[in-house]
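Following: one structure in structure tokens, then a few remarks.
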Amino acid sequence: MNGKVMESLQRLGKALMGAVAVMPVAAILMGIGYWIDPDGWGANSVLAAVLIKSGAAVLDNLGWIFAVAIAFGLSRDSNGAAALSGFIGFATIKMLLNEKSVAGFQGVDLEALEGDAKLEWVSQGWGAMGDKNVLMGIVIGILAAWVYNRFSRTKLPPFLAFFSGRRLVPIITSLLAIVLAGVMYFVWPFIYSALFNFGESIQGMGAVGAGIYGFANRLLIPTGLHHALNSIFWFDVIGIDDIGNFLGGGKTIAAAASATDAATCPGVGIWENGTCTVIGEIGRYQAGFFPVMMFGLPAAALAIYLRANTKSQKAVGSLMFAGALASFFTGVTEPLEFAFMFVAPVLYVVHALLTGLSVFIAALFHWTAGFGFSAGLVDMVLSARNPLANQWYMLLVQGLVFAAIYFVVFYFLIGALNLKTPGRGDDVEMSTAQTSGDDEFAGMASTVIAGLGGVSNIESIDYCATRLRTVVKDELKVDEGAIKSVGVAGIIRPSQRSVQVVVGPQVQFVYDEVADQLRASEVTLNGEQEI
């Protein structure tokens, strides 16, 4: 049972990342827009205005995007009918439960609300039932996918045959969305209150709360459930929306200037003495990741390389160098994290603690920068001219300090505790064979297939940004040693039959070779499932 639950959660994590995949587009467009017009935020440049508004088209519609992407990603065969159902379901919920509709149902005059009555109304959370409601997008996406998987092959009587199968899915989703809206009409204020109180408890702790979030974010990486945690702080689930507000830049500053009370002060802005302060506050749940991803983890990679056995250093060096570059430039940390996550879990706990410390320090000193993809050099450069970026250059100074800390701590612990980091294990000799081009990936693919128990033992396979994700029929036939022999960063087994091979940024080419070798078999090839 636990294995099935974890497998389901992993699938949800993949579908969530399918939605998050559009965030880099918004970040790049808005980042370039702010570089062109850092003062007017589009007012002084038509090109900047076009870019900023185009990025806002993503950020202002995340609820729709999550509903469609999750419905598509969780559907049995990733069919468009499921995506359409997600769209219709979210439209139904939004139209029935948006603030104006609920006010109409209850006979409330929104314009006449003042004082305590206004605060009471705001506390119910109906204003959050809009285009940016990621939580409802997730719920609707799951509902639409379930409807598709359950009813897409349903046959109706001849006189209704036109509406059979996939055409039936949007209809049922729409009807169930009405039922869900009825339930949420009574339940949503309690859900919103619970989420709001949780977020407020962390938000109210200021820099300490940000540090706790950073620590929890890293600890949840192995399960993929960090996406659920991130949605509370990074997106507009309960009004924090750290990424959206940061990328909003000038729009967020304008909203802060016109704020009349704490309820209208954007995100984690501070309301004091009749003023809403957002500069140095918005971005606190993002900024501290830059020193870790750009400097800390690459320094840890150097320590792992230097601690590797002499005969394995060449292979380990290649793996660590590629992982360090990915982490520094793009913020993709999986190739490095999975290299020591399971073979030396004490290092991973230390890494999580240091990440929390980094996020805490950045928040404490109000050094802010933001990202649309991850905390790498690309996003750092793009956010540097954002009007909400506050002393962002200090994150680089902090990064140099954290590089020294990571290197010293990792180098010391690996030696003192004799940790079996890459190149120090006794069970497998890392491959140092030098091949090139397609031959290299073809060889890796053959070894991975064999290590998974052969073609007959593989049920399905897909890939994400850095990992091959497989479902096997018999987990006992998996030979991890054989798979590791080709120099992969690591292997994670989130459930009994689920096996994930951490390849790194080159994963697409390995998958392509695996797919070519499995094309004639009955293995389900799902292709790319997330960024």
Side-chain angles (χ1 to χ4, degrees), residues 207-222 226-227 229-230 233-234 242-243 246 283-305 320-341 344-384 389 391-414 421 465-466 489:
V208 174
I212 293 173
Y213 161 71
F215 172 67
N217 171 280
R218 288 298 96 181
L219 279 189
L220 289 174
I221 287 286
H226 59 297
H227 302 308
L229 179 69
N230 292 341
F233 296 95
W234 286 354
D242 209 43
I243 288 180
F246 184 89
R284 74 164 67 149
Y285 299 112
Q286 304 168 72
F289 288 100
F290 284 98
V292 171
M293 295 182 178
M294 291 178 61
F295 298 94
L297 279 173
L302 177 60
I304 291 173
Y305 163 71
M320 292 297 105
F321 182 71
L325 282 180
S327 184
F328 178 78
F329 281 105
T330 68
V332 174
T333 60
E334 284 183 321
L336 289 182
E337 289 173 327
F338 280 96
F340 62 86
M341 181 184 295
V346 64
L347 289 182
Y348 194 77
V349 174
V350 169
H351 165 50
L353 287 169
L354 289 174
T355 301
L357 178 62
S358 178
V359 176
F360 162 74
I361 291 173
L364 180 66
F365 289 102
H366 305 286
W367 302 331
T368 54
F371 49 78
F373 176 56
S374 192
L377 178 64
V378 174
D379 274 288
M380 171 67 82
V381 171
L382 289 173
S383 74
Q391 294 182 286
W392 59 269
Y393 47 85
M394 291 303 298
L395 295 172
L396 302 179
V397 177
Q398 181 183 336
L400 293 174
V401 174
F402 267 73
I405 294 173
Y406 263 82
F407 178 80
V408 171
V409 171
F410 271 59
Y411 190 85
F412 171 77
L413 289 178
I414 292 172
T421 48
T466 57

Do side-chain atoms of Ser327 reach the backbone of Met293 as a donor and acceptor pair under 3.5 angstrom?
yes
Side-chain touch Tyr411/Ile304, heavy atoms, less than 4.5 angstrom:
no
Under the side chain to side chain contact (heavy atoms under 4.5 Å, CB included) criterion, do Met294 and Leu396 qualify, and how do the steps go?
CA-CA 9 Å; Met294 291 178 61; Leu396 302 179; 4.1 Å; yes
Minimal heavy-atom distance between Phe407 and Ala299, with the atoms involved, is CD1-O, 3.7 Å
Is there side-chain contact between Phe215 and Thr355, with heavy atoms separated by less than 4.5 Å?
no
Hey, what do you get for CG (Leu395) to OH (Tyr393), rounding to the nearest 0.5 Å?
10.5 Å
Could you go step by step and tell me if Val350 and Val409 meet the side chain to side chain contact (heavy atoms under 4.5 Å, CB included) rule?
CA-CA 9 Å; Val350 169; Val409 171; 3.7 Å; yes
Go through the steps for Met380 and Phe329 under the test side chain to side chain contact (heavy atoms under 4.5 Å, CB included), then give the verdict.
CA-CA 9 Å; Met380 171 67 82; Phe329 281 105; over 6 Å; no
Closest non-hydrogen contact found for Gly283 with Thr368 is C-CG2, 4.2 Å
Would you name the heavy atoms of Phe246 and Ser383 that are closest together and state the gap between them?
CE2-CB, 3.7 Å
Supply the atom-to-atom distance Phe365 CZ to Met394 CE, rounded to the nearest 0.5 angstrom.
8.0 Å
Nearest 0.5 Å, what's the CG-CG distance between Leu219 and Leu353?
7.5 Å
Does any donor atom in the side chain of His366 or Gln391 lie under 3.5 Å from an acceptor atom in the other side chain?
no
Using the rule given for side chain to side chain contact (heavy atoms under 4.5 Å, CB included), can you reason through Tyr406 versus His351, listing the C-alpha separation, both sets of side-chain angles and the distance that settles it, and then say yes or no?
CA-CA 8 Å; Tyr406 263 82; His351 165 50; 2.8 Å; yes
What class does the angle between the rings of Phe340 and Tyr348 fall in, given that below 30° is parallel, 30 to 60° is tilted and above 60° is perpendicular?
tilted
Hey, does Phe360 have a side-chain heavy atom less than 4.5 Å from the side chain of Ile212?
no
Heavy-atom nearest pair, Val359 first then Gly214, reads CG2-CA, 4.1 Å
Side-chain donor/acceptor of Gln398 to backbone N/O of Ser358, under 3.5 Å
yes
Between Trp234 and Phe371 (judged by ring centroids, cut-off 6.0 Å), do the two rings come close enough to count as a pair?
yes
Would you please indicate if the ring centroids of Tyr213 and Tyr285 are separated by under 6.0 Å?
yes
For the atom pair CG (Leu297) and CG (Leu302), what is the distance rounded to the nearest 0.5 Å?
12.5 Å
What's the shortest heavy-atom distance between Leu400 and Phe295, and which atoms?
CD2-CE2, 3.9 Å
Rounded to the nearest 0.5 Å, what separation is found between the CG atom of Leu347 and the CZ atom of Phe410?
5.0 Å
Enter the distance from Thr421:OG1 to Met320:CE here, rounded to the nearest 0.5 Å.
8.5 Å
At their closest point, which heavy atom of Asp242 faces which heavy atom of Arg284, and how far apart are they?
OD2-N, 3.5 Å
